[in-house]
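Below, chains carry the letters A, B, ... as their sequence lines are ordered, and counting in each starts from 1.
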Amino acid sequence: MSRTRVRFAPSPTGYLHVGGARTALFNWLLAKHSGGRFVLRIEDTDSKRSTAEFLDAILEDHRWLGLAWDEGPEIGGTAGPYFQSERADTYAPLVEKLLNESSAYKCFCSPDELEDRKSGSSQEGRDWKYDRKCATLSREQSAEYEAENRPFVVRFRIPDGTTRFDDMVLGSVEVDNRELDDLVIARSDGTPTYNFVVVVDDSMMGITHVVRGSDHLSNTPKQILIAEALGTEPPTFGHLPLVLGSDKQVLSKRRGAVAVGEYRRRGYLPEALVNYMALLGWSSGSEQEFFSLDELIAAFDITKVSRKAAAFDPEKLAWMNAQWIKRLSVSERTARVVPFLVAASLVSDSPDEEELAELERIVDLIDDRLKTLADIVEHASFLLADDIVFDNIAVDKVLTKPGSVDILNDLCEVLSDAPDFEPETIEELTRNLAEKRGVGVGKVIQPARVAVTGRKVSPGFFETLSVLGREKVLARLKTASELAATLTTE
RNA sequence: GGCGCCAUCGUCUAGUGGUUAGGACGCCGGCCUCUCAAGCCGGUAACACGGGUUCGAUCCCCGUUGGCGCUACCA
C-alpha cells in the first residue's frame with residue numbers, strides 16, 4: 001500500500017563527493033526498484049557555511065548522474081518545503097509536546113557547569129553522559145528558574161530498556177538505552193538540533209526508508225526513541241558501509257579529487273561513475289560488471305550491500321570510464337567530446353553539420369584511445385590546430401636521423417601523385433616506398449609520423465594521413481623535411 | 001577509555017560444512033603490430049590469529065588482534 005519514500009539530505013556546505021553520491025545513488029535505486037519516490041531535502045540550517053553555489057553544484061551533480069528527484073528543490077512537491085531553513089516553525093510545538101508529556105525536560109546546567117562535572121566525574125574525563133541533574137526538577141522549580149531568566153536547553157529523556165531495530169544491511173541491531181545520553185533537542189536559543197529535526201522532517205515527509213552512511217548508526221536508536229515519543233512510526237533504516245580513500249581513511253570533503261564535479265570536468269562519464277559507485281560495497285551476486293542505471297534499478301537489492309567499508313580505487317574507476325567510452329557509438333562519443341574541444345578552442349562554440357562530420361571522422365580515428373573525454377584534446381590537437389607543435393624528443397630522436405630528409409621528400413612525392421587519399425592507397429604507396437628503399441615500413445612511417453603529427457605516437461598512420469587530407473599532409477611533410485635539413489647540417 | 005560496526009588476493013568482490021577458493025582492477029609476461037592504445041592469451045596474489053563445535057572448517061560459536069565509526073547546545 002504505502003509507497004516507498006526515501007530521501008537524500010545533503011547540506012550545501014561543500015561539494016558532493018563520491019561517498020555522498022553513492023548514498024544518494026543507493027537511496028535512488030532503492031526507491032526506483034520498488035516504484036517509490038526519491039526526495040531531495042536540503043539541510044541548509046547552517047547559514048554561515050551554506051552557499052547557493054554549493055547548492056547549484058549539488059543539484060547539477062544529481063542531474064548529471066541521472067539521479068532525478070521526484071520532490072525537492074526547483075520542482076517542489078506535496079511534502080514541502082524541502083529546504084530545512086524554511087521549516088523552522090514546525091519544530092517548536094513538537095518540542096513543547098514532548099515537554100508536556102515529560103518525554104523531555106528543561107536543563108538549566110550551564111556549559112561551564114557541565115564541563116566541571118564532566119572532568120570531575122572521572123580523571124580520564126571520558127565516558128561522560130549527562131548526569132540527569134535536571135531530569136528530576138519539579139515543574140515549580142523549573143518555572144522558578146525560568147522566571148529568573150536562566151538559560152536552558154531541552155533534553156530528551158531516554159527511557160529505560162533496550163532499543164532494537166532491523167537494519168536493511170546490518171540485520172538486527174540492539175542497544176542498551178543506558179548507553180544513550182539525554183541528548184539536547186533544543187538549544188538555549190530555542191533552535192532544534194539535528195537529531196530532533198531529522199526525525200520530524202522524515203516523519204512529516206512520509207519517509208519510509210532511511211539509507212545513510214554507517215557513521216549515523218549510533219544516532220539511530222536516539223532517533224527511533226524520539227520518533228516513538230512523538231507518536232510516529234520510525235522509518236526502516238539501512239546503514240551503508242563507509243567509503244574509504246586509497247589511504248584507507250574515510251573520504252572527506254576536503255579532497256577535491258573525489259568531488260563528483262571534478263570527475264565531470266576531467267571527462268568521466270556519468271555512466272561510469274554510477275556503475276563504479278554501485279559496485280563499491282554492493283554486488284549483484286552475478287559476475288556482471290557493467291550496469292546501466294536501468295539495469296541497476298532492476299538488479300539492486302539493498303540487503304546485498306556489504307557490511308564492510310570499501311576503499312575507493314581511482315584506477316578501477318579510470319578503467320571503467322575507458323570501457324564506457326569505448327561502448328559509446330562514434331556519433332555519441334563525438335557529441336560528448338565537443339564541449340572539451342570547445343573549451344580548448346579547437347572547435348567553434350556551436351559546430352555545424354559539416355564540422356561535426358569532420359569531428360566524427362577524427363573521433364573514429366582516435367578509436368579506443370580515450371580514457372577520458374578530456375583526452376580528446378591531446379589526441380586531436382594536431383588534427384584540428386593549424387600549426388602542429390613538435391615534441392622535442394621526437395624531433396631529436398627521429399627527425400634528425402640520417403636519411404629522414406630523403407624519406408620525407410620521397411614520401412611527399414609519392415603521395416602527391418596518389419590517385420586518391422584513402423588509407424589503403426596510402427598504405428600501398430608507403431609500403432612500396434619502403435621496399436624500394438630496402439627498409440622496413442616502420443623506417444618510413446617513423447619520421448613521417450613525427451613530420452605530420454609532431455609526435456612519436458599517433459593513431460594508425462595511414463588512417464591518420466587520410467583523415468588529415470592530402471593538402472595538410474604534403475605541407476607538413478615539406479615543412480618537416482626542411483626543418484630536418486637545417487637541424488642535421490648543424 | 002566506553003559503546004558499536006567490520007575482517008577472502010595490494011584494491012573491489014563471489015563463494016561453500018568437503019571447491020584446484022572464482023571474477024574484476026592493478027602488476028608481470030606473451031601474441032597482434034607502423035608507434036600508442038584497445039583486444040586476445042598466460043602468470044602473480046587471499047580465507048588475520050588462537051581456541052572450540054564437527055568425521056571435516058574459509059564458512060558456525062567464543063576469544064585475541066587489527067581497521068573503522070560514534071562518543072557536541074555540528075550535521
Side-chain angles (χ1 to χ4, degrees), chain A residues 9-11 13 43-46 49 84 107 109-111 114 122-130 151-155 167 169-171 173-176 178-181 183-195 197-198 213-221 239 241-242 244 246 248-250 276 279-290 306-320 322-323 325-326 366-371 375 379 394 398 427 430-431 434 440-446 448-450 453 455-464:
Chain A
S11 37
T13 56
E43 314 233 314
D44 59 346
T45 45
D46 187 345
R49 294 190 301 143
Q84 212 161 56
C107 168
C109 301
S110 72
L114 252 21
S122 80
Q123 292 303 5
E124 279 67 46
R126 295 286 169 65
D127 195 23
W128 154 270
K129 285 198 294 294
Y130 177 62
F152 64 88
V153 298
V154 178
R155 286 184 186 273
D167 189 279
V169 345
L170 297 174
V173 178
E174 195 170 325
V175 179
D176 189 329
R178 278 176 298 199
E179 300 298 334
L180 274 23
D181 213 346
L183 66 154
V184 173
I185 58 173
R187 303 182 184 93
S188 49
D189 65 1
T191 58
T193 60
Y194 167 77
N195 276 115
V197 166
V198 182
S214 67
D215 51 338
H216 283 284
L217 188 57
S218 51
N219 285 326
T220 303
H239 290 90
L242 269 6
L244 312 177
S246 328
K248 289 290 191 173
Q249 297 297 97
V250 176
Y276 178 76
L279 261 23
L280 238 201
W282 173 80
S283 142
S284 68
S286 76
E287 277 181 0
Q288 180 176 350
E289 49 189 344
F290 295 103
S306 162
R307 290 178 298 272
K308 186 189 166 191
F312 173 74
D313 181 4
E315 299 260 14
K316 190 156 186 178
L317 206 211
W319 167 80
M320 183 146 267
Q323 291 295 319
I325 290 178
K326 278 176 56 174
I366 292 166
D367 199 40
D368 289 345
R369 271 162 270 250
L370 298 180
K371 296 203 79 174
D375 285 350
H379 279 107
V398 180
E427 174 160 13
T430 306
R431 287 190 189 280
V441 70
K443 285 281 183 271
V444 175
I445 288 177
Q446 263 188 305
R449 168 178 284 123
V450 174
T453 70
R455 309 166 193 183
K456 288 206 301 188
V457 304
S458 79
F461 180 71
F462 316 118
E463 293 77 8
T464 299

Using atom [atom1] in both nucleotides, what's the gap between [N] and [M] to the nearest angstrom?
N       : M       : atom1 : result
rU58(B) : rC49(B) : C1'   : 13 Å
rG22(B) : rA38(B) : C1'   : 26 Å
rU8(B)  : rA48(B) : P     : 6 Å
rG67(B) : rU44(B) : C1'   : 26 Å

What contact category does Pro241(A) fall into here, base, sugar-phosphate, or nothing, at under 4.0 angstrom with non-hydrogen atoms?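 Contact class for Pro241(A): none.
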
Answer with base, sugar-phosphate or nothing: what part of the nucleic acid does His239(A) contact at a heavy-atom distance below 4.0 Å?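 Answer is nothing: His239(A) stays at 4.0 Å or more from every strand.
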
Check side-chain hydrogen bond (donor to acceptor under 3.5 Å, both in side chains) between [X] and all other residues, then give those that pass, not counting sequence neighbours.
X         : answer
Thr220(A) : Arg212(A), His239(A)
Asp181(A) : none
Asp44(A)  : Ser85(A)
His379(A) : none

Side chain of Asp215(A) only, heavy atoms from C-beta on: which candidate in rA75(B), rA14(B), rC70(B) is closest?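 My answer, after comparing the listed nucleotides, is rC70(B).
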
Taking only the side-chain heavy atoms of Lys308(A) (C-beta and beyond), determine which of rC70(B), rA75(B), rU8(B) contains the nearest atom.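 Nearest nucleotide to the side chain: rU8(B).
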
Extract from the structure each pairing of a protein N or O with an N or O of nucleotides 63-68 of chain B at less than 3.5 Å, listing the distance.
residue : atom : partner   : partner atom : Å
rC68(B) : OP1  : Gln249(A) : OE1          : 3.1

Partner set under salt bridge (charged side-chain N to carboxylate O under 4.0 Å, His left out) for Arg307(A), not counting sequence neighbours: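 For Arg307(A) there are no salt bridge (charged side-chain N to carboxylate O under 4.0 Å, His left out) partners, ignoring immediate neighbours.
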
The contact string for nucleotides 23-45 of chain B, one letter per nucleotide 5' to 3', using protein heavy atoms under 4.0 Å with B, S and - for base, sugar-phosphate only and none, comes out as SBS--------BBBBSS------

Calculate, to the nearest 0.5 Å, the distance between atoms CG and OG belonging to Leu279(A) and Ser284(A) respectively.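 Leu279(A) CG to Ser284(A) OG: 7.5 Å, rounded to 0.5 Å.
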
Across all strands, who's sitting opposite rG17(B) as a Watson-Crick or G-U wobble pair, both distances under 3.5 Å?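 Base partner found: none.
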
Taking side-chain contact (heavy atoms from CB on, under 4.5 Å) as the test, write out the residues that go with Ser306(A), two or more places apart.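 For Ser306(A), the residues satisfying side-chain contact (heavy atoms from CB on, under 4.5 Å) (neighbours in sequence not counted) are Lys308(A).
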
ring-ring contact (aromatic ring centres under 6.0 Å, His included) involving Phe461(A) - partner list, sequence neighbours excluded: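 If we apply the ring-ring contact (aromatic ring centres under 6.0 Å, His included) test to Phe461(A), skipping adjacent residues, there are no hits.
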
Taking for each residue the nucleotide of RNA chain B with the nearest heavy atom, is it Leu279(A) or Gln84(A) whose nucleotide lies nearer the 5' end?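 This one resolves to Leu279(A).
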
